[in-house]
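Counting starts at 1 for both ligands and their atoms, following the listed order. The model shown is predicted, which means the values in this text are computed figures rather than measured ones.
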Amino acid sequence: MIRLLDVPGGRAAEPLLVGKLLRTPLAVSPAQEIVYRGELRYDYRTLRQRIGRLASGLARLGVAEGTTVAVMDWDSHRYLEAYFAVPMMGAVLMTVNLRLSAAQIRETLDHAQAEVLLVHADFLELAMRLRGTLPRLRHIVVLEPAAGVDPAGVAGEYEALLARETADFPFPEFDENAVATTFYTTGTTGSPKAVCFSHRQLVLHTLGVLGALASPQFGQSVRHGDVYMPLTPMFHVHAWGLPYVATLLGLKQVYPGRYDADRILALRRREQVTYSHCVPTILQMLLSAPSAANTDFSGWKITVGGSAMSTALARQALDRGIDVFAAYGMSETCPFLLANRLLQRSGSGSGDDRPADDEVGNDEVATRCLTGLPLPLVDLRIVDEQMNDVPHDGRTVGELVVRAPWLTAGYVGDPAASAQLWADGYLHTRDIASIDPAGYVQIRDRAKDMIKSGGEWISSLQLEELIARHPGVAEVAVIAVQDQRWGERPLAVIVPRSGAGGPPTLDDITAHLETHVAAGTIPRYALPDRIELVDALPRTSVGKLDKKALRAQYR
Ligand code: AMP
């Protein structure tokens, strides 16, 4: 029989609580800086005091254990304060997706039963409009007062609230399985669903991500001395959990406010940022910003996830000195599951970071774009429809299913969807993947983005990867369109690259892909028989390609 840990006269196991992530940085790096837009900076001691003051202020507004406190802000030091203060009180932090429609924001605030809303002045008008329809919402606190905003009906202004309060809030100890955060999956596939994460899950996720990012032998790694700036919004899966990792490590942290490419690049230079993470669209936006022209970005490490990173984009970034690697996860998984790293290095590089002038070979670029290797504690399988494991040959595809200590227990208030998510005891990602003998996983497609042509599967991601290598292509999305004869056929929707000798034609793209047919990379039936040229591709609220919108457009 299992013997539980119970030593008479001793102490029970210490619960894993989010607040405990602050212990080491406060002991070791108390003078390290937190910077907001280059306009405000303070140290970790002040961070800790402000967390206490925020908790005292929230308690005065009636926030208690279990209360939901929602935040609508751009990436800021205040968001970081809320990441700690709210869960440390035993309350639940709801991060509101700023890019949802007003109706969806209302629906999610209502569903989460938010009682207090901390809101940036940019969204105050919306918050005031929604308030009358949200009977549970008792208080609104405005984060950054702006000219012309009428504070009537607002419980107060954030800085004034903190200034009045004591930093000595008595944060309680409680069960590590208490809910710490909640937010809504943005879904390219339906209406938002609520996921939530416990203290234990957030702490273990932080340690798992740290283990994966800090340990690589070659290339990118995150460690003491790095300067961190998130470039995935803090409302989206806790900015991939990396503010918690950066805090635990005691790094200097730089919060950029509302994303603006030129301001981000200026901040990076001024604050000497060395580590960020973003979706491919943001990386592309930064590389093509006017102020990025002729800039050497050496020393900047960026984890690229949320969508596949094409080798064309990775090459562009590496040529400018940015050390890029892919990573993978989803809202339901807190989010990290896979992070990429080099298991070996070919060529002249040493065991440490790559020197700026050391050219990266094509093989290494391809390896950096593989989706990744599992994080510590992640159990992953790639299975067929009967849950049998597919061979680890780098070719056979199946659905990626996972277990890990930090996956959402389900969708709150939706037992049917939760049961589907967790069918057969594994979380179903609905992503189609292969795994090679070395353990690298490659996401081939979302299940619903695969194209079934004449009974054979075509990977839209693989076609996008190959088409993106054409010099006339700036961006591309491949979707399935109905076809009388074949069921479905691939359609390539292309944003042409300006100044590349005119937009590509279908013949150009076909000739370009023919070499990959000849090399056996793709079958002939995967060649698109139609392309569409567009000025821009539709994006989801977190900057990913919105294939649902594209499919509707070209139905
Ligand atoms: P979300 O829950 O909005 O963060 O979206 C999660 C989904 O994004 C996953 O299920 C994948 O389909 C996709 N995704 C995330 N990272 C990657 C990646 N590195 N490569 C390909 N697809 C990715």
S.K.: Before signing off on this row, confirm whether Met330 and ligand 1 have an N or O atom pair separated by under 3.5 Å.
M.R.: no
S.K.: Heavy-atom contact check, 4.0 Å cutoff: does Lys544 meet ligand 1?
M.R.: yes
S.K.: With a distance cut-off below 6.0 Å to the six-membered ring centre and an angular limit of 45° from the axis, does Arg341 pair with Phe325 as a cation-pi contact?
M.R.: no
S.K.: Does at least one non-hydrogen atom of Gly372 fall below 4.0 angstrom from an atom of ligand 1?
M.R.: no
S.K.: Find all atoms of ligand 1 within a distance of less than 4.0 Å from any non-hydrogen atom belonging to Arg446, and give their numbers and elements.
M.R.: 5 (O), 6 (C), 7 (C), 8 (O), 12 (O)
S.K.: Should one rank Phe325, Tyr328, Phe336 by closest heavy-atom distance to atom 17 (C) of ligand 1, which comes out on top?
M.R.: Tyr328
S.K.: Applying a 4.0 Å heavy-atom criterion (strictly less than), which segment of Ser331 is in contact with ligand 1: side chain, backbone, both, or neither?
M.R.: both
S.K.: Show which atoms of ligand 1 fall inside a sub-4.0 Å distance from at least one heavy-atom site of Ala308.
M.R.: 18 (C), 20 (N), 21 (C), 22 (N)
S.K.: Return the option from Val441, Thr540, Val195, Asp431 holding the heavy atom at the smallest distance from atom 12 (O) of ligand 1.
M.R.: Asp431
S.K.: Using a plain distance cutoff, I'd like to know if Thr371 has any nitrogen or oxygen under 3.5 Å from a nitrogen or oxygen of ligand 1.
M.R.: no
S.K.: Not counting sequence neighbours, which residues clear side chain to side chain contact (heavy atoms under 4.5 Å, CB included) with Asp535? List them please.
M.R.: none
S.K.: Specify side chain, backbone, both or neither for His236, according to which of its non-hydrogen atoms lie closer than 4.0 Å to ligand 1.
M.R.: side chain
S.K.: Sort and list the pairs that fulfil side-chain hydrogen bond (donor to acceptor under 3.5 Å, both in side chains) and have at least one residue in residues 408-418, not counting sequence neighbours.
M.R.: Glu332-Tyr411
S.K.: Around Arg258, counting heavy atoms of other residues, nucleotides and ligands shown, do more than 12 lie under 6.0 Å from its CZ?
M.R.: no
S.K.: Is the closest N or O pair between Gly306 and ligand 1 shorter than 3.5 Å?
M.R.: yes
S.K.: Between the main-chain N or O of Arg555 and the side-chain N or O of Gln482, is there a donor-acceptor pair closer than 3.5 Å?
M.R.: no
S.K.: Would you say the side-chain atoms of Arg430 pair up with the backbone N or O of Leu400, donor to acceptor, closer than 3.5 Å?
M.R.: no
S.K.: Is there a heavy atom in Arg430 that sits closer than 4.0 Å to ligand 1?
M.R.: no
S.K.: Which atoms of ligand 1 are found less than 4.0 Å from any heavy atom of Ala327?
M.R.: 16 (N), 18 (C), 19 (N)
S.K.: Above 12 or not: heavy atoms from other molecules or residues under 6.0 Å from CH2 of Trp422?
M.R.: yes
S.K.: Compute the minimum heavy-atom distance from Pro335 to ligand 1 and say whether it is under 4.0 Å.
M.R.: no
S.K.: Against Leu463, only a single residue in Asp445, Val478, Val476 fulfils side-chain contact (heavy atoms from CB on, under 4.5 Å); can you say which?
M.R.: Val478
S.K.: How are the rings of Trp74 and Phe123 set to each other: parallel, tilted or perpendicular (split at 30° and 60°)?
M.R.: tilted
